[in-house]
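In what follows, a single structure is set out as structure tokens and then discussed.
Order of the sequence lines sets the chain letters (A, B, ...), proteins ahead of strands, with each chain counted from 1.
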There are 2 protein chains.
Amino acid sequence: MFSIGDLSRRTGVKIPTIRYYEQMGLLDPPDRSEGNQRRYSRDGLQRLSFIRHARDLGFNIEAIRELIDLGGHPEKPCRDADRIVAEQLEAVRNKIARLNQLERELHRMSTQCEAKCIRDCYVLHSLSDHRLCDTDH
Amino acid sequence: MFSIGDLSRRTGVKIPTIRYYEQMGLLDPPDRSEGNQRRYSRDGLQRLSFIRHARDLGFNIEAIRELIDLGGHPEKPCRDADRIVAEQLEAVRNKIARLNQLERELHRMSTQCEAKCIRDCYVLHSLSDHRLCDTDH
DNA sequence: CTTGAACCTCAACCGACTAGAGGTGTTACT
DNA sequence: AGTAACACCTCTAGTCGGTTGAGGTTCAAG
């Protein structure tokens, strides 16, 4: 049996976050000690590791709930799990594309300013005037 | 003079968001009509465009506040503006690096699963077992 | 003068936590 | 058995950057 602190140390998930996951229904309410403290089984630990890993990969709480549900129905086709991952992959790729645009724009801003004072600062001018931008955003 | 709706249409910033920016001190409280409705000058419109552009580039409210303050002191050196942009550029690059890792991992998950049902689904197995990952996250 | 769209304020909500107050349980050591 | 230190409990409120809705007022066209 593990205390909430044990789980926290083993998974790297902070204690209040573990309680939050319980409240959100991602973790089943564990047994309690005589003094009402949470006592987790090895299953509870594995479940939390799963959640941690999924969060690290950027899945939101709702998606994780779905993935957990799927895990409870081993006979079902894994089409749904594939779909959830595919959606997440697309979301990540979109973010990357967007951030690459921003990176170019910011890099351009930071290298083109040769002014000595704010009055002529390229940074502030390009923030004020969209036409100085490369990409449309 | 522009109404808040005019500003919204011209900048693409939603009306409650404009009021929120005012509350956050990014926009000066504008004049009001007889009936207490906001009436913006061309300056107000430009200020909001500036904010919109900076938000699009990912600057947070605090950074935008700093940039606006800098704009009010044209004689100062633009070192501070450069620093803010450089910080943002680094933050964006870090996010990109992280998302590229996730992209690889998710892509691997989504292509390696050839199972027909959840029991053998590679997706769920790799979420459960960190050792199946390429990168450390 | 009326109608309907646009506007006002205020409060609550979103996601995914984090922080703090005020109180109780557990454990190691004497 | 007592005590000190630390871990844990619940509950509330705060974070960021907004969004949503209720309930009421003003504006502009016909």
Side-chain angles (χ1 to χ4, degrees), chain A residues 1-27 29-40 44-45 47-48 50-68 84 87-88 91-92 95 98 102 137, chain B residues 1-27 29-40 44-45 48 50-68 87-88 91-92 95 98 102 137:
Chain A
M1 291 308 232
F2 308 104
S3 70
I4 197 168
D6 294 336
L7 249 70
S8 175
R9 274 182 295 280
R10 281 161 184 262
T11 59
V13 178
K14 287 185 188 159
I15 290 174
T17 305
I18 298 175
R19 292 197 275 249
Y20 170 75
Y21 288 156
E22 183 181 328
Q23 214 185 308
M24 293 298 101
L26 299 186
L27 289 171
D31 294 339
R32 298 283 182 139
S33 72
E34 299 233 325
N36 198 35
Q37 298 192 356
R38 290 171 179 80
R39 291 292 177 261
Y40 293 91
L45 175 60
R47 166 70 66 87
L48 183 56
F50 179 99
I51 295 168
R52 169 81 213 258
H53 194 181
R55 284 294 300 136
D56 280 349
L57 289 169
F59 292 95
N60 64 23
I61 301 290
E62 183 50 34
I64 296 175
R65 221 192 310 267
E66 287 185 61
L67 288 168
I68 289 171
I84 293 170
E87 283 170 9
Q88 177 63 15
V92 166
K95 277 189 199 163
R98 169 114 180 91
L102 300 192
H137 47 249
Chain B
M1 291 309 235
F2 308 104
S3 72
I4 197 169
D6 294 336
L7 248 70
S8 175
R9 273 182 295 280
R10 282 160 184 263
T11 59
V13 178
K14 288 186 187 155
I15 290 174
T17 306
I18 298 175
R19 292 198 273 248
Y20 170 75
Y21 288 156
E22 182 182 327
Q23 215 185 308
M24 293 298 102
L26 300 187
L27 288 171
D31 293 340
R32 298 284 182 137
S33 72
E34 298 234 325
N36 198 35
Q37 298 192 356
R38 290 170 178 80
R39 292 292 176 259
Y40 293 91
L45 175 59
L48 182 56
F50 179 99
I51 295 169
R52 168 80 214 259
H53 194 182
R55 285 294 299 138
D56 280 349
L57 289 168
F59 291 96
N60 64 22
I61 302 290
E62 183 51 33
I64 297 176
R65 221 192 309 269
E66 288 184 62
L67 289 168
I68 289 172
E87 283 170 9
Q88 177 63 14
V92 167
K95 277 189 200 165
R98 170 113 180 91
L102 301 192
H137 47 249

Next on the checklist: Which nucleotide wins on minimum distance to the side chain of A/Arg55, given the candidates C/dT26, D/dT10, C/dA16?
Outcome noted: C/dA16

Checklist entry - Any side-chain N or O of A/Ser33 less than 4.0 Å from the OP1 or OP2 oxygen of C/dT26? => result yes

Checklist entry - For the side chain of A/Arg38, counting heavy atoms from C-beta on, which of C/dA16, D/dC9, C/dT18 is nearest? => result D/dC9

Item to check | Selected nucleotide, minimal atom distance to B/Ile61 side chain, candidates D/dC9, D/dG18, C/dA16 | outcome: D/dG18

Next on the checklist: Students often get this wrong, so: under 4.0 angstrom with heavy atoms, is A/Phe59 touching a base, only sugar-phosphate, or nothing?
Outcome noted: nothing

Next on the checklist: What's A/Arg32 touching, base or sugar-phosphate or nothing? Going by heavy atoms closer than 4.0 Å.
Outcome noted: sugar-phosphate

Item to check | Over all atoms of both residues, closest heavy-atom pair of B/Lys14 and B/Ser8 | outcome: CA-OG, 3.9 Å

Next on the checklist: So, OP1 or OP2 of C/dC17: does either fall under 4.0 Å of a side-chain N or O from A/Tyr21?
Outcome noted: yes

Item to check | Atom pair distance, as rounded to whole Å: CZ in A/Arg19 and P in C/dA19 | outcome: 13 Å

Checklist entry - Hey, what do you get for CG (A/Leu7) to CD1 (A/Ile18), rounding to the nearest 0.5 Å? => result 5.0 Å

Checklist entry - Between OG of A/Ser3 and CZ of A/Arg39, what distance do you get to the nearest 0.5 Å? => result 6.0 Å

Checklist outcome for this item: For A/Arg98 and B/Asp56 the tightest heavy-atom approach is NH2-O, 2.8 Å

Checklist outcome for this item: Assign each of A/Tyr20 and A/Glu34 the nucleotide of DNA chain C bearing its closest heavy atom; nearer the 5' end lies the nucleotide of A/Tyr20

Checklist entry - Would you say C/dT18 has OP1 or OP2 under 4.0 Å from some side-chain N or O of A/Thr17? => result yes

Checklist entry - Taking only side-chain nitrogens and oxygens of B/Lys14, does any of them come within less than 4.0 Å of OP1 or OP2 of D/dG18? => result no

